[in-house]
Q: 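Have a look at this one.
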Amino acid sequence: PDDDFIVAFTDKQLQRNQVAAETRRRVLLAGAISTLSIMSPSWMPTPLPARAEGGQPAKDEEEEGVVGAIKSLLDPNEKTKSGKLLPKAYLKSAREVVKTLRESLQEDPKDNAKFRRNADAAKESIREYLGNWRGQEKESYVEIEKAIRALASFYSKAGPSAALPESVKSAILDDLKTAEEFL
């Protein structure tokens, strides 16, 4: 009797999983179709760009258009300037850290309110970045971590309200520039 219950329970669970999978497929298909209808105002086919005989389409040409846009929406990765494929979420977080940290370093420390606001934004983006991506082996991560460590090292030695020397600031900005090249 217990075995019959387990089999029946397993069958019901399997049916639920199959229904859920089918529902997900339908939702994704409906989303792709609605995206396609929004992106393409008319369903008329557009002529392909002309190219020399025997020529292969360029990679950029292949990824243009509606198909490329849908692929971009559904693909969790993005190609960087350096040609690597990295998660879009990682790139967004890393770019935010580079941007906010650079802004806080370039801010005039004499305007205390604005300086604090930028520094707080940088701290928050750094916390989020390290919390989500700590220990990555990406070149950009190594450079960003190097910049963060240099900043932390300075403030741990000099105190939280010390003025950042130009040499430390330029070294950090160089690390951020290098990291940005990998993004």
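We count residues from 1, following the sequence as given. Values below: all heavy atoms of this structure, side chains included; hydrogens, waters and symmetry mates excluded.
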Q: So, taking the atom named CD in Glu143 and the one named CD in Glu145, what distance separates them when rounded to the nearest 0.5 Å?
A: 10.5 Å
Q: Apply side chain to side chain contact (heavy atoms under 4.5 Å, CB included) to residues Leu164 and Leu151 and explain how you reach the verdict.
A: CA-CA 9 Å; Leu164 197 61; Leu151 190 63; 4.0 Å; yes
Q: Evaluate Lys123 against Asp120 for salt bridge (Lys or Arg N to Asp or Glu O under 4.0 Å), listing each step before the verdict.
A: CA-CA 5 Å; Lys123 274 196 283 189; Asp120 289 344; 3.7 Å; yes
Q: Whether the side chain of Ser93 engages the backbone of Tyr90 through a donor-acceptor N/O pair (distance < 3.5 Å, no angle test) should be reported.
A: no
Q: OG/Ser140 to CG/Leu176 distance, rounded to the nearest 0.5 angstrom?
A: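 These two atoms lie 11.5 Å from each other.
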Q: If every non-hydrogen atom of Ala122 is compared with every non-hydrogen atom of Thr100, which pair is closest and at what distance?
A: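 Nearest pair, atom of Ala122 first, then Thr100: CA-OG1, 3.5 Å.
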Q: With rounding to the nearest 0.5 angstrom, report the CD1 to CZ distance, Ile148 to Arg127.
A: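 Spacing of CD1 (Ile148) from CZ (Arg127) equals 11.5 Å.
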Q: Between the side chains of Asn118 and Glu103, does any donor sit under 3.5 Å from an acceptor?
A: no
Q: Under a 4.0 Å N-O cut-off, is there an ion pair linking Lys169 with Glu107?
A: no
Q: If you look at every heavy atom in Ala89 and Trp133, which pair is closest and at what distance?
A: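 Closest approach of Ala89 to Trp133: C-CZ2, 3.7 Å.
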Q: Identify the residue among Leu91, Val98, Val97 that makes a side chain to side chain contact (heavy atoms under 4.5 Å, CB included) with Arg95.
A: Leu91
Q: For Asn77 and Leu86, what are the C-alpha separation, side-chain angles and deciding distance, and is it a side chain to side chain contact (heavy atoms under 4.5 Å, CB included)?
A: CA-CA 5 Å; Asn77 296 321; Leu86 295 175; over 6 Å; no
Q: Please determine whether residues Tyr155 and Leu101 belong to a single hydrophobic cluster, defined as Ile, Leu, Val, Met, Phe, Trp and Tyr linked transitively by side-chain heavy-atom distances below 4.5 Å.
A: yes
Q: Could you tell me whether Lys84 sits above the aromatic face of Phe182, with NZ or CZ closer than 6.0 angstrom to the six-membered ring centre and within 45 degrees of the axis?
A: no
Q: If you look only at pairs with a residue in residues 172-183, which of them pass as a salt bridge (charged side-chain N to carboxylate O under 4.0 Å, His left out), with sequence neighbours excluded?
A: Arg102-Glu180, Lys146-Asp175
Q: Are Glu96 and Lys92 ion-paired here, with the side-chain N under 4.0 Å from a carboxylate O?
A: no
Q: ring-ring contact (aromatic ring centres under 6.0 Å, His included) with Tyr141: which residues, sequence neighbours excluded?
A: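 If we apply the ring-ring contact (aromatic ring centres under 6.0 Å, His included) test to Tyr141, skipping adjacent residues, the hits are Tyr129.
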Q: Mind checking whether Lys138 and Pro87 have side chains closer than 4.5 Å, heavy atoms only?
A: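 Counting from C-beta outward, Lys138 and Pro87 do come under 4.5 Å.
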Q: To the nearest 0.5 angstrom, please state how far the CZ atom of Arg149 sits from the CD1 atom of Ile172.
A: 13.0 Å
